[in-house]
Amino acid sequence: MFLKRLGFILSLFSLNCQAQDANDWQEVFRQWLETENVETSATGILFDNLSEKAEHPINLNQATREDLEQLSILTAQQVEQLLEYLNRYGPIRSLGELQMLTSLDPERLRLLKYFVYAGDPPPQDNKLRLDSVFRHGKQQLMLTGKIPFYERKGDKNAYLGYKYRHSFRYQFNYYNRLTFGLTGAQDAGEPFFSNRNRWGYDYYSYYLQVKDIRRIENLCLGMYRVQLGMGLIMNGGFYLGKLMTLQSMGRSASVLRPHSSRSTENYLQGAAATIRLHRNWHLTAFASYRPLDATLNKDSTARTLYYSNYHRTTTEMAKKNNTHELNLGGCVGWRKGALYVRGNFLYTHYDRLLVPQKENTPYRRYAAEGDRFVNMSVDYGYTNTRLSFSGETAVNNDGALATIHQFSYRMSHELTLTALHRYYDKRYTALHAQCFSEGSNIQNEHGIYGGLVWQPTYKWMINWYADYAHFAWQRYQVSMPSDAFDTMVSTRTLLNSRWKLEGRYRLHIRQKDNPEETLLVNRIEHRGWLRLTYDIPVGLSLQTQMDGISVSYRQCDRGWMLSEQVVYAWRWLQMTASASYFQTDSYESRLYRYERSLLYNFSSLMLYGKGIRYAFMTRADIGKHWMMTAKVGVTNYFDRSKISSGQQEIDGSSMADIDVQIRYKY
């Protein structure tokens, strides 16, 4: 009892002393990245989603299940208990009441304040009135630019535009019920108001979202993203990595959200709606028609769909919007209490035949081919405050099967266990699928995963998982059936009210071809870090981290990195300074470093060789309306005279740039 009371007092202290740092949630996001595959584009999409929620928090007193399921920091059990509490006791007056929920640990209580608030309950008259919308709606305009103090090879003779990157983002929000957004983005080297970009920016994103119009719970027009079930046929951005599986524990959702990101992957364009058919029945339907970049074969068929969104050179510009994709689909779902079942459907059509190159690449034998694709699935689950079970089973138009099931059980306040099994047939293809996997595609994989979260006291937390996967068909650089094994353990301890010590170790083993391609050898990767954080109640935080890696494949490569970060927050001013010294034997032993950046700008650095990276960022909130941010970043290499290669080559051993951002709220 004493420990529980003490933990309660300390969690209140944590809520108070950390409130000054508006980017605190990014620290937890960074911890996920340090174990997940940070090279995936879905990570940036997830970062955008969390940034959006941090900018427009959810009012808990009018939150729906769908609203809470969009917060990746909550487990299925926590969503269930939170909804049960709101239904039983009515509106909450402060976030302090959430301490009554036994499933919410102090870490999530501290993070929730960035994404939710306790506001007035919605009025009984739930109609949208134009006078109220214009009077109470909040608007913001954000301008962002990046200025490099170096010149790439392509800037001299190959790129069609100048070397500066810039974008704008306009948003209108009326209590999260009516939202509108327009984004324009330009990458360095792309033409502006010239060539094929006669409308200015190379890429635009726009959307209109309306919620709670009689039976229409959610309506999206323009660009949007859809998640169906656990992602076996469509997942427009939720990234279910291995560590996040442990954090989210059993979540499956049918989610419809607007697309405001710079990313061009997995968004849809058209109209989508979720409709309440009955108290227990819901229907989500969508229709989309959008252009895609593609690499073409000599017969004008499409060889590869191209999602990098770079249109800097004549060759890249020739790929722009040269094929189109039609998507029709949706789901019908039934939920009663903790039990739910949903049926999902997706039809995809291309105006060009998709014919991937398969000659001399037998691992691509079962790659998607054709111009019409059909996927169907059923997802199902049961969740209460202690137990969560979720699963999805899908087939494609060839009858190939993919299935995944996840089970988590909260044995006590201190211990939660999670298990997951998946089987993806080598013939299964789903062009918009994104789900838990060891490989890069939802195909050719059979695996089992187990993990636990143990918090013996409020001072200690331990996460662990182990995952085994078998691949029945060939893969890239693997000419026969192979296996993979992955395990991770992380721990966090509060030494006292100011000091926190964290550590993580990961072992990742994958089988690959030997140089003669006659047998498989193990690629063994050891990766870990140790971090010490010191927080001072006046708004100062110091953080020291040591990273290390060892990779054994055709040779033994090692690397290490020492990093320091200082964060200071005082009223309207926030400052962050960071520096990292890195030394690795090769690209094979590369290290990753997540770096705080501007709003909606995801920044994860890949560092190898020998050098130093340092950055300084300051943010000033001027009055109620203005926010200005500037960040200077410099990377110095000690082992080379040129950086990168091809058109991206920089003639020198150092690269520096400055990012600036101005936001006006009104």
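Scope of the values below: all heavy atoms of this structure, side chains included, with no hydrogens, waters or symmetry mates.
In this structure, Pro91 and Asn61 approach most closely via the heavy-atom pair CA-OD1, 3.1 Å. Minimum interatomic distance between Ala272 and Leu256 (heavy atoms only, all atoms of both residues): CB-CD1, 3.5 Å. Between Asn176 and Ile58, the shortest heavy-atom contact is ND2-CA, 4.0 Å. When all heavy atoms of Arg215 and Leu277 are compared, the closest pair comes out as NH1-O, 3.2 Å. Here the closest heavy-atom approach between residue Tyr224 and residue Ala271 is recorded as OH-O, 3.1 Å. Scanning both residues, Leu228 and Ile233, for their nearest heavy atoms gives CD1-CD1, 3.9 Å.
Cation-pi geometry between Arg422 and Phe436 is not met: the NZ or CZ atom fails to fall both under 6.0 Å from the ring centre and inside 45° of the normal. Remark: Arg290 is positioned above the aromatic ring of Tyr267, its terminal NZ or CZ atom under 6.0 angstrom from the ring centre and at most 45 degrees off the axis.
Contact annotation: the side chain of Leu68 approaches that of Leu83 to within less than 4.5 Å [non-hydrogen atoms, C-beta and beyond]. Put simply, the side chain of Phe180 does not reach to within 4.5 Å of the side chain of Gln209, judged on heavy atoms. Side chains of Leu82 and Leu98 form a contact here, defined as non-hydrogen atoms less than 4.5 Å apart. Between His432 and Glu325, some side-chain heavy-atom pair lies under the 4.5 Å cut-off. Here the side chains of Val374 and Phe345 are in contact, with some heavy-atom distance below 4.5 Å. Side-chain contact between Tyr428 and Ile442 is present, with heavy atoms from C-beta onward closer than 4.5 Å. Pro258 places none of its side-chain heavy atoms less than 4.5 Å from the side chain of Met223. Considering only heavy atoms from C-beta on, Tyr117 comes within 4.5 Å of Pro57 through its side chain.
Atom-to-atom distance recorded for Cys331:SG and Asp379:CG is 7.5 Å, nearest 0.5 angstrom. Summarising the geometry, atom OH belonging to Tyr409 is positioned 7.5 Å from atom CG belonging to Leu387; distances are rounded to the nearest 0.5 Å. Note that the CG atom of Asp467 and the CG atom of Leu420 stand 8.0 Å from one another [nearest 0.5 Å]. Atom CD of residue Glu414 and atom CG of residue Leu452 lie 13.0 Å apart, to the nearest 0.5 angstrom. With rounding to the nearest 0.5 angstrom, the CG atom of Asn396 is 9.5 Å from the CZ atom of Phe373. We find the CD-CZ distance between Glu392 and Arg342 to be 8.5 Å, quoted to the nearest 0.5 Å.
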For Asp212 and Arg177, what are the C-alpha separation, side-chain angles and deciding distance, and is it a side-chain contact (heavy atoms from CB on, under 4.5 Å)? CA-CA 7 Å; Asp212 301 325; Arg177 283 200 59 202; 3.9 Å; yes

Please lay out, stage by stage, how Ser260 and Tyr207 fare under the test side-chain contact (heavy atoms from CB on, under 4.5 Å). CA-CA 7 Å; Ser260 59; Tyr207 66 86; 3.5 Å; yes

Between His259 and Arg225, is the side chain to side chain donor-acceptor pair (under 3.5 Å) condition met? List the steps. CA-CA 6 Å; His259 169 70; Arg225 293 183 178 274; 3.0 Å; yes

Pair Tyr289-Asn327, side chain to side chain donor-acceptor pair (under 3.5 Å): steps then yes or no: CA-CA 6 Å; Tyr289 185 75; Asn327 283 289; over 6 Å; no

Could you please spell out the steps behind the side-chain contact (heavy atoms from CB on, under 4.5 Å) verdict for Met234 and Gln227? CA-CA 6 Å; Met234 171 160 280; Gln227 177 191 338; over 6 Å; no

If you apply the rule side-chain contact (heavy atoms from CB on, under 4.5 Å), what do you find for Lys459 with Arg492, and how did you get there? CA-CA 8 Å; Lys459 285 188 174 183; Arg492 185 197 72 222; over 6 Å; no

Verdict with reasoning, Gln139 to Tyr170, per side chain to side chain donor-acceptor pair (under 3.5 Å): CA-CA 7 Å; Gln139 303 179 70; Tyr170 169 80; 2.4 Å; yes

Worked verdict on Glu97 versus Tyr85 for side chain to side chain donor-acceptor pair (under 3.5 Å): CA-CA 10 Å; Glu97 290 186 45; Tyr85 182 88; 3.0 Å; yes

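Test Thr403, Asn441, Ile404 against Tyr424 for side-chain contact (heavy atoms from CB on, under 4.5 Å) and you get one pass: Ile404. Screening Val133, Thr179, Val210 for a side-chain contact (heavy atoms from CB on, under 4.5 Å) with Tyr174, the sole residue that qualifies is Val133. Just one of Thr383, Leu417, Thr418 meets the side-chain contact (heavy atoms from CB on, under 4.5 Å) condition when paired with Ser408; it is Thr418.
Side-chain N or O atoms of Asn344 include none that pairs as donor or acceptor with a backbone N or O of Val378 at under 3.5 Å. For the pair Asp425 (side chain) and Asn444 (backbone), a donor-acceptor distance under 3.5 Å is absent. Judged by distance alone, the side chain of Ser490 and the main-chain N or O of Gly503 form no donor-acceptor pair under 3.5 Å. In this structure, Thr393 contributes its side chain and Leu401 its backbone to no donor-acceptor pair below 3.5 Å. Of the possible polar contacts, one joining the Thr487 side chain to the Tyr465 backbone as a donor-acceptor pair under 3.5 Å is found. Asn218 places no side-chain N or O within donor-acceptor distance of the main-chain N or O of Lys211, the cut-off being under 3.5 Å. Glu445 places no side-chain N or O within donor-acceptor distance of the main-chain N or O of Gly447, the cut-off being under 3.5 Å. Between the Glu438 side chain and the Ala469 main chain, no donor and acceptor come within less than 3.5 Å of each other. Counting only distance, with no hydrogens or angles, the side chain of Gln455 and the backbone of Ile462 share no donor-acceptor pair below 3.5 Å. Without hydrogens or angle criteria, Ser377 side chain to Ala394 main chain gives no donor-acceptor distance under 3.5 Å.
More than 12 heavy atoms of other shown residues, nucleotides or ligands fall within 6.0 angstrom of atom CH2 in Trp334. The environment of CZ in Arg135 is crowded: more than 12 heavy-atom neighbours from other residues, nucleotides or ligands sit within 6.0 Å.
The residues Arg276 and Glu217 are annotated as salt-bridged, a charged nitrogen and a carboxylate oxygen being separated by less than 4.0 angstrom. Look at Glu84 and Arg88 and you find a salt bridge, because one of the NZ, NE, NH1 or NH2 atoms lies within 4.0 Å of a carboxylate O, short of that distance. Using a 4.0 Å cut-off between charged side-chain N and carboxylate O, Lys500 and Asp535 make no salt bridge.
Tyr423 has its ring centre less than 6.0 Å from the ring centre of His446. Checked against the 6.0 Å centroid threshold, Tyr380 and His405 count as a close aromatic pair.
Applying the salt bridge (charged side-chain N to carboxylate O under 4.0 Å, His left out) rule to pairs touching residues 395-409 yields nothing, sequence neighbours excluded.
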